[in-house]
Asks: 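The structure is given below, and queries will be raised subsequently.
Letters go in sequence order (proteins before strands), and every chain restarts at 1.
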Amino acid sequence: MVKQRTVVGAHYGLKDWIAQRATAVYMAAYTIIFALCAFSLRELNYQEWSGLFSHGLFKFLSFLFFLSVFYHAWIGIRDLWMDYIKPNGVRLALHLVTIFVLVGYAGWAAQILWRL
Amino acid sequence: MSKRTVHFKIYRYDPDKDEKPYMQDISVELEPSDKKLLDALVRLRAKDDSMSFRRSCREGVCGSDAMNINGKNGLACLTDVDSLQQPITLRPLPGLPVIRDLIVDMTQFFKQYHSIKPYLVNNDPPPERERLQSPEDREELNGLYECILCACCSTSCPSFWWNPDKFVGPAGLLAAYRFLADTRDQDTGARLDNLEDPYRLFRCHSIMNCVDVCPKGLNPTRAIGKIKDMMVRRAI
């Protein structure tokens, strides 16, 4: 059987590379904001927590944080599959499973955030 | 320096004779004039002429005698034999198919190098004399053109190990930036198009193994960063 030729030149990758860096910066910034807010709570109990998360702005920032985590994770995990998984079918399947799981997580995170 | 004995542990494999590769323990007596690892290897070959390795210029210009020395890629002709911990473990460059002993098949490495069009593209009619550059423009090429294609960098790069057929590798990308940075080259857009690929360029995760091993002290990671910069500047 003739071996399939290697084809490269997919004309993408730059956006993901920028997104990976941008999401990393946002996650670092959010971690600092979150730590400051958490430490400024009078005491650690449910009322204080839900009070913190009841602010619209905090919900917005937190949701953005989770989206950043999931987008960052998508690029990182995709890179793992690209590095180590050689059979194209298996790699495609793993890509899809990763996307499904991360999109599901994003919905779940939104539901939890707006329930608080 | 007096006469001394140096102990080696060398990767041996002759596909015509050996079923599988093995490590050979061997010692050799060096003359006072023997300074570099290559000198020791030449002595070793005089003792056992079945030992195979590539060498040519013996002064770090041809890049033939790249090998894995005590776990780190380098040129035998530039490595002081007395600076190495014994037994000196020599293996072929990692990640490439072994032809025999320390000789590897570099086809894949050169395929990637050729894929970036390592030559000046300029469609203007050639001037009577050379195409001139300003000293500042020429300065940009320093640290790029000196690459001798020994493959120490690409074969120390895990991304190149996993995807040698798709990832250009540090040597190829350094050469790519050498032409992207050249003000006389007119193919910048096509060169960037050629590299904008999750495998060809973006397999580099800046772990800088390439910088660590380059016997010429070059910095492929910085060149790769500059290629990404150029892409960002043209995209946003």
Side-chain angles (χ1 to χ4, degrees), chain A residues 1-29 31 64 67-103 105-106, chain B residues 94-95 97 107-117 154 157-169 172-173 176-177 180 187-207 209 221 223-236:
Chain A
M1 198 184 93
V2 179
K3 193 171 171 281
Q4 293 232 321
R5 294 181 64 204
T6 301
V7 187
V8 284
H11 298 294
Y12 79 93
L14 180 65
K15 274 191 197 124
D16 292 335
W17 181 74
I18 296 173
Q20 199 174 28
R21 267 130 200 89
T23 49
V25 169
Y26 181 73
M27 287 189 290
T31 306
L64 207 55
L67 288 185
S68 295
V69 172
F70 299 136
Y71 198 1
H72 197 89
W74 156 238
I75 299 161
I77 300 294
R78 187 203 66 183
D79 278 356
L80 275 180
W81 303 145
M82 288 170 90
D83 279 342
Y84 300 115
I85 307 297
K86 296 297 162 189
N88 293 319
V90 178
R91 197 166 62 242
L92 178 64
L94 285 168
H95 280 201
L96 292 174
V97 168
T98 309
I99 292 174
F100 292 157
V101 167
L102 290 173
V103 170
Y105 282 165
Chain B
T107 309
Q108 197 71 66
F109 172 79
F110 282 111
K111 243 187 188 170
Q112 290 296 357
Y113 175 65
H114 291 141
S115 77
I116 58 99
K117 293 191 187 171
S154 291
C157 174
S159 290
F160 190 75
W161 297 340
W162 312 148
N163 290 293
D165 53 338
K166 292 176 174 174
F167 176 49
V168 175
L173 290 170
Y177 185 65
L180 283 165
D187 214 21
T188 315
R191 287 181 191 281
L192 290 178
D193 286 344
N194 174 285
L195 291 174
E196 192 169 355
D197 179 274
Y199 281 102
R200 280 178 71 70
L201 174 68
F202 292 101
R203 275 314 76 205
C204 170
H205 303 307
S206 311
I207 63 163
N209 275 13
T221 307
I224 293 167
K226 287 187 173 180
I227 296 175
K228 288 171 180 167
D229 273 2
M230 286 180 92
M231 277 187 189
V232 172
R233 269 186 276 125
R234 105 172 155 160
I236 58 168

Asks: Counting only non-hydrogen atoms closer than 4.5 Å, can you tell me which residues of residues 10-28 of chain A sit against chain B?
Replies: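 Expected list: A/Ala10, A/His11, A/Tyr12, A/Gly13, A/Leu14, A/Trp17, A/Ile18.
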Asks: Identify which of B/Ile236, B/Val232, B/Asn194 forms the greatest number of heavy-atom pairs closer than 4.5 Å to chain A.
Replies: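 Greatest number of close heavy-atom pairs with chain A: B/Val232.
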Asks: What's the shortest heavy-atom distance between A/Met82 and B/Pro198, and which atoms?
Replies: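 Taking A/Met82 first and B/Pro198 second, the nearest heavy atoms are CE-CB, 3.4 Å.
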Asks: Please check if atom OH in A/Tyr105 has more than 12 non-hydrogen atoms from other residues, nucleotides or ligands closer than 6.0 Å.
Replies: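 Atom OH in A/Tyr105 is not packed in, count stays at 12 or less.
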Asks: What distance separates B/Tyr199 OH from A/Asp83 CG, expressed to the nearest 0.5 Å?
Replies: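 With rounding to 0.5 Å, OH (B/Tyr199) is 8.0 Å from CG (A/Asp83).
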